[in-house]
Amino acid sequence: QVQLVESGGGLVQPGGSLRLSCAASRNILRIYDMGWYRQTPGKQRELVAVITSGGSTNYADSVKGRFTISRDNAKNTVYLQMNSLKPEDTSVYYCNVVTAVRGYWGKGTLVTVSS
């Protein structure tokens with residue numbers, strides 16, 4: 001029933017690290033792009049990072065050099081390694097998967113960066 005399962009969110013101190021995972025159902029076929037977005041109250045959802053089926057990546061300027069996106073096609077899973085976390089990274093992070101047919105959204109996982 002659940003198409004995308006996110007994990008890895010939580011509370012971390014500034015400067016710390018977290019690794020988010022998003023596993024897509026094996027029923028989801030022909031995945032093109034996989035990515036992570038984040039949204040805080042009162043703000044629009046923004047792209048954090050995306051990775052194509054060919055391995056090309058793109059990052060928001062605010063996370064370049066700190067975050068790394070990767071994927072394991074055999075597991076239908078996308079990861080987001082977040083290092084040197086800052087309080088402004090606090091947000092709900094959503095997994096996104098784009099296929100030949102449609103897009104999918106995860107329910108979101110909360111990341112809180114605070115001392």
Side-chain angles (χ1 to χ4, degrees):
Q1 188 172 23
V2 177
Q3 300 297 293
L4 304 180
V5 179
E6 300 152 319
S7 62
L11 174 64
V12 65
Q13 294 183 333
S17 299
L18 284 175
R19 189 192 192 208
L20 305 183
S21 298
C22 174
S25 171
R26 301 301 296 182
N27 294 327
I28 299 179
L29 307 176
R30 302 192 69 182
I31 296 175
Y32 291 163
D33 301 336
M34 305 182 81
W36 291 93
Y37 291 71
R38 65 187 181 188
Q39 186 171 28
T40 56
K43 296 183 178 180
Q44 293 184 308
R45 187 171 298 187
E46 66 170 342
L47 175 68
V48 177
V50 63
I51 183 167
T52 70
S53 59
S56 297
T57 60
N58 186 249
Y59 299 90
D61 289 341
S62 60
V63 307
K64 287 181 179 178
R66 300 188 297 120
F67 292 9
T68 302
I69 189 169
S70 61
R71 63 192 284 173
D72 185 334
N73 292 331
K75 296 182 178 180
N76 262 25
T77 300
V78 61
Y79 307 93
L80 184 67
Q81 178 66 47
M82 305 184 293
N83 299 327
S84 302
L85 284 162
K86 304 175 181 179
E88 50 262 45
D89 293 318
T90 296
S91 187
V92 176
Y93 285 71
Y94 297 88
C95 179
N96 175 251
V97 173
V98 178
T99 73
V101 180
R102 56 161 289 187
Y104 298 84
W105 286 100
K107 294 181 179 180
T109 184
L110 177 63
V111 172
T112 302
V113 184
S114 177
S115 59

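Counting from 1, the numbers follow the sequence of the chain as shown.
- Val48 places none of its side-chain heavy atoms less than 4.5 Å from the side chain of Met82.
- The closest side-chain heavy-atom distance from Val111 to Asp89 is not below 4.5 Å.
- For the side chain to side chain contact (heavy atoms under 4.5 Å, CB included) criterion with Tyr104, the lone passing option out of Thr99, Asn96, Val98 is Thr99.
- With rounding to the nearest 0.5 angstrom, the CG atom of Leu11 is 8.0 Å from the CD atom of Gln13.
- Contact detail for Gly10 and Leu18: the closest heavy-atom pair is O-CD1, 4.0 Å.
- Between the side chain of Glu6 and the backbone N or O of Lys107, at least one donor-acceptor pair lies under 3.5 Å.
- Atoms CD1 and OG, on Ile51 and Ser56 in that order, are 8.0 Å from each other to the nearest 0.5 Å.
- Here the shortest heavy-atom pairing between Val2 and Leu4 reads CG1-O, 3.3 Å.
- Residues Met34 and Val97 form a side-chain contact, since some pair of their non-hydrogen atoms from C-beta on lies under 4.5 Å apart.
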Would Ile69 and Val78 count as a side-chain contact (heavy atoms from CB on, under 4.5 Å) if you check the C-alpha gap in whole Å, the side-chain angles of each, and the deciding distance to 0.1 Å?
CA-CA 7 Å; Ile69 189 169; Val78 61; 3.8 Å; yes

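- Between Arg71 and Asn73, some side-chain heavy-atom pair lies under the 4.5 Å cut-off.
- Here Gln39 contributes atom CD and Tyr94 contributes atom OH; the two are 5.5 Å apart, rounded to the nearest 0.5 Å.
- The ring pair (Phe, Tyr, Trp, His ring centres under 6.0 Å) pairs that include a residue from residues 15-44 are Tyr37-Trp105, where partners are two or more places apart or lie in different chains.
- Each ring pair (Phe, Tyr, Trp, His ring centres under 6.0 Å) pair with one or both residues in residues 51-92, not counting sequence neighbours, would appear here, but there are none.
- Residues passing the side-chain hydrogen bond (donor to acceptor under 3.5 Å, both in side chains) test with Ser62, sequence neighbours excluded: Arg38.
- Annotation for Asp33 and Ser53: closest pair OD1-N, 4.4 Å, computed over non-hydrogen atoms.
- Scored by the side chain to side chain contact (heavy atoms under 4.5 Å, CB included) test, Leu29 finds no partners at all (sequence neighbours excluded).
- The closest side-chain heavy-atom distance from Arg26 to Asn76 is below 4.5 Å.
- Residues forming a salt bridge (charged side-chain N to carboxylate O under 4.0 Å, His left out) with Lys64 (at least two apart in sequence, or on another chain): Asp61.
- Closest non-hydrogen pair, Pro87 versus Pro14, comes out as CG-CG, 4.2 Å.
- Evaluation of the disulfide (SG to SG under 2.5 Å) test over residues 43-115, restricted to residues two or more places apart or in two chains, returns Cys22-Cys95.
- Rounding to the nearest 0.5 angstrom, the gap separating the OG1 atom in Thr109 from the CG atom in Leu80 is 11.0 Å.
- Taken from OG1 in Thr112 to CG in Leu110, the straight-line distance is 3.5 Å, to the nearest 0.5 Å.
- Other residues, nucleotides and ligands contribute more than 12 heavy atoms inside 6.0 Å of the CD atom of Glu88.
- Ile31 and Val50 fall into different hydrophobic clusters, where Ile, Leu, Val, Met, Phe, Trp and Tyr residues are linked whenever their side-chain heavy atoms come under 4.5 Å apart, directly or through other members.
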